[in-house]
**Q** 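Quick one: the structure is below, and I'll ask about it shortly.
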Protein chains: 2
Amino acid sequence: MAKSNAPITEHLAYLLAQANREINRQLELRLSKEGVPVEQWRILKVLSDGDGHSMGELADAVLLNHPTLTKMIDRMVSDTLVYRVQDPNDRRKVLMFISDRGKVLCKRLNSLAVDQEEHILESYGDKSTSELKRLLESLIDSSN
Amino acid sequence: MAKSNAPITEHLAYLLAQANREINRQLELRLSKEGVPVEQWRILKVLSDGDGHSMGELADAVLLNHPTLTKMIDRMVSDTLVYRVQDPNDRRKVLMFISDRGKVLCKRLNSLAVDQEEHILESYGDKSTSELKRLLESLIDSSN
DNA sequence: CTTCAATTGTTGAATATTCAATATTTTCAA
DNA sequence: TTGAAAATATTGAATATTCAACAATTGAAG
């Protein structure tokens, strides 16, 4: 049974927030070399399969609320990293695509992100990393 | 070696963000019963040892930037959940204390938070939960 | 068919967060 | 002891996020 007087550092919610904050901060630092926020990297990465993704789909995938995504996409359209196309099959929907410029940027960002993953692998270890990933995936699964 | 074309769902940074978002959303939902944001629960919990904590210390502990914490504390002071005392030993510092009202509220919040932990234990399992906590702690350690 | 509910995306106002600058106090070296 | 640098917290302006309302389209029941 969980104790209600346990220090906050023993709560799973807190540990997740703390770990996320730290890892995200590191990634942010690397991506800032290209002046791109983490969320934009996520967007480019999801779109880099070349398919069209609706805003709703994209919002889920990149962990952003709809209005926040809309405004971020507005900026990225201005920067010609992505573009909107009305879905011909369902005209309520907007399909997002990555541009050539977006693809080029995404490649550079991917390599910065991989740098970080490798840095984590070094200091944290191969075994721990893959075990942690496995557990996180299963936690996410069990929460739906 | 990490692959730069790996889907975003294989990045540790992404899995952490996703898990954190989901668990935090659930906790938020429970705490909303008392109309309190997660960060305020963290603050009350840290202060509930009865000691005075400086703003800097508190900001670290509750994972908030200094200006954000200052403004949140302003609200909590208005609600008489906490109060400020100038540190007599170092007058640059402000020591934060929890009020009696804050303590009462904190108890109710703790039990909501424990509800959630127990819900996670049920659906995710005892073993996985403690193993995940262990790995998260060690990741955080290795990142400093 | 028509109408009403549901889905999808955007907007504007309200709210919250962040960045840079500031004020105060302490530390420490000259 | 003095003066410059560091540490601490707050403020205000700029930015970002969220909430609720909206517009457009589709789906589906009558």
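Reminder, nothing fancy here: chain letters follow the sequence lines and each chain counts from 1. Just so it is clear, the model here is predicted, and its values are computed rather than measured.
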**Q** How long is the line joining CG of A:L95 and P of C:dT7, in whole Å?
**A**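 One finds 19 Å between P of C:dT7 and CG of A:L95, rounded.
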**Q** Just wondering, do B:E34 and B:L112 contact through their side chains at under 4.5 Å, heavy atoms?
**A** yes
**Q** Specify the residue among A:Q86 and B:K71 whose closest nucleotide of DNA chain D lies further upstream toward the 5′ end.
**A** B:K71
**Q** Given D:dT26, D:dG12, C:dT10, identify the nucleotide with an atom nearest to the side chain of A:H66.
**A**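 Selected nucleotide (nearest to the side chain): C:dT10.
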**Q** Can you tell me if the side-chain N/O atoms of B:N65 get under 4.0 Å from OP1 or OP2 in C:dT18?
**A**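 Answer is yes, contact under 4.0 Å.
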**Q** Give a yes/no answer on whether the side chain of A:R91 brings an N or O atom under 4.0 Å of OP1 or OP2 in D:dA24.
**A** no
**Q** Considering only side-chain heavy atoms of B:D74, which listed nucleotide, C:dT11, D:dT11, C:dT17, is closest?
**A** D:dT11
**Q** Evaluate B:R84 against B:D74 for salt bridge (charged side-chain N to carboxylate O under 4.0 Å, His left out), listing each step before the verdict.
**A** CA-CA 10 Å; B:R84 292 177 162 98; B:D74 286 346; 2.9 Å; yes
**Q** Quickly work out the A:R84 CZ to C:dT8 C1' distance and round it to whole Å.
**A**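 Value for this atom pair: 13 Å.
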**Q** Checking contacts here: which listed nucleotide (D:dA9, C:dA16, C:dT11) is nearest the side-chain heavy atoms of A:P67?
**A** C:dT11
**Q** Can B:E117 and B:K133 be counted as an ion pair, charged N to O under 4.0 angstrom?
**A** yes
**Q** Between C:dT8 atom P and A:N89 atom CG, what is the distance in whole Å?
**A**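 Spelled out: CG on A:N89 to P on C:dT8 is 14 Å.
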**Q** Tell me the interatomic distance from A:M72, atom CE, to C:dG9, atom P, rounded to whole angstroms.
**A** 17 Å
**Q** Give me the one residue out of B:N24, B:L15, B:L16 that meets side-chain contact (heavy atoms from CB on, under 4.5 Å) with A:N20.
**A**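 Exactly one option meets the side-chain contact (heavy atoms from CB on, under 4.5 Å) with A:N20, and it is B:L16.
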**Q** What's the CE-P distance between A:M76 and C:dT10, to the nearest Å?
**A** 14 Å
**Q** Between the side chains of B:E22 and B:Q26, is a donor N or O closer than 3.5 angstrom to an acceptor N or O?
**A**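 Their side chains do contain a donor-acceptor pair, which is all the 3.5 Å distance test asks for.
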**Q** Consider the side chain of A:D90, meaning its heavy atoms from C-beta on, and name the nucleotide among D:dT11, D:dT26, D:dT17 that approaches it most closely.
**A**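 Nucleotide nearest to A:D90's side chain: D:dT26.
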**Q** To the closest 0.5 Å, what do you measure between NZ (A:K71) and CG (A:N65)?
**A**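 The distance works out to 10.5 Å.
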**Q** Tell me which residues in residues 33-60 of chain B put a heavy atom below 4.0 Å from DNA chain D, sorted by number, or none.
**A**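 Close to the strand are B:S54, B:M55, B:G56.
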**Q** Compare side-chain N and O positions of A:T68 against OP1 and OP2 of D:dT17 and report whether any pair is under 4.0 Å apart.
**A** no
**Q** Less than 4.0 angstrom from a charged side-chain N to a carboxylate O is my criterion; do A:E131 and A:R134 meet it?
**A** yes
**Q** Would you mind reading off the distance between B:I73 atom CD1 and C:dT17 atom P, rounded to a whole angstrom?
**A** 13 Å
**Q** Can you check nucleotides 4-7 of chain D for protein contacts, nitrogen or oxygen pairs under 3.5 Å, and list what you find?
**A**
residue: D:dA7; atom: O4'; partner: B:R92; partner atom: NH1; Å: 3.3

**Q** Expressed in angstrom and rounded to an integer, what is the separation of A:L64 atom CG from D:dC19 atom C1'?
**A**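 So the two atoms are 16 Å apart, to the nearest Å.
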**Q** What are the two closest heavy atoms between B:Y124 and B:T129, and how far apart are they?
**A**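 For B:Y124 and B:T129, the tightest heavy-atom pair comes out as CD2-OG1, 3.3 Å.
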**Q** With B:M76 as reference, evaluate B:L47, B:V82, B:V36 under the side-chain contact (heavy atoms from CB on, under 4.5 Å) test and give the passing residue.
**A**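 Exactly one pass, corresponding to B:V82.
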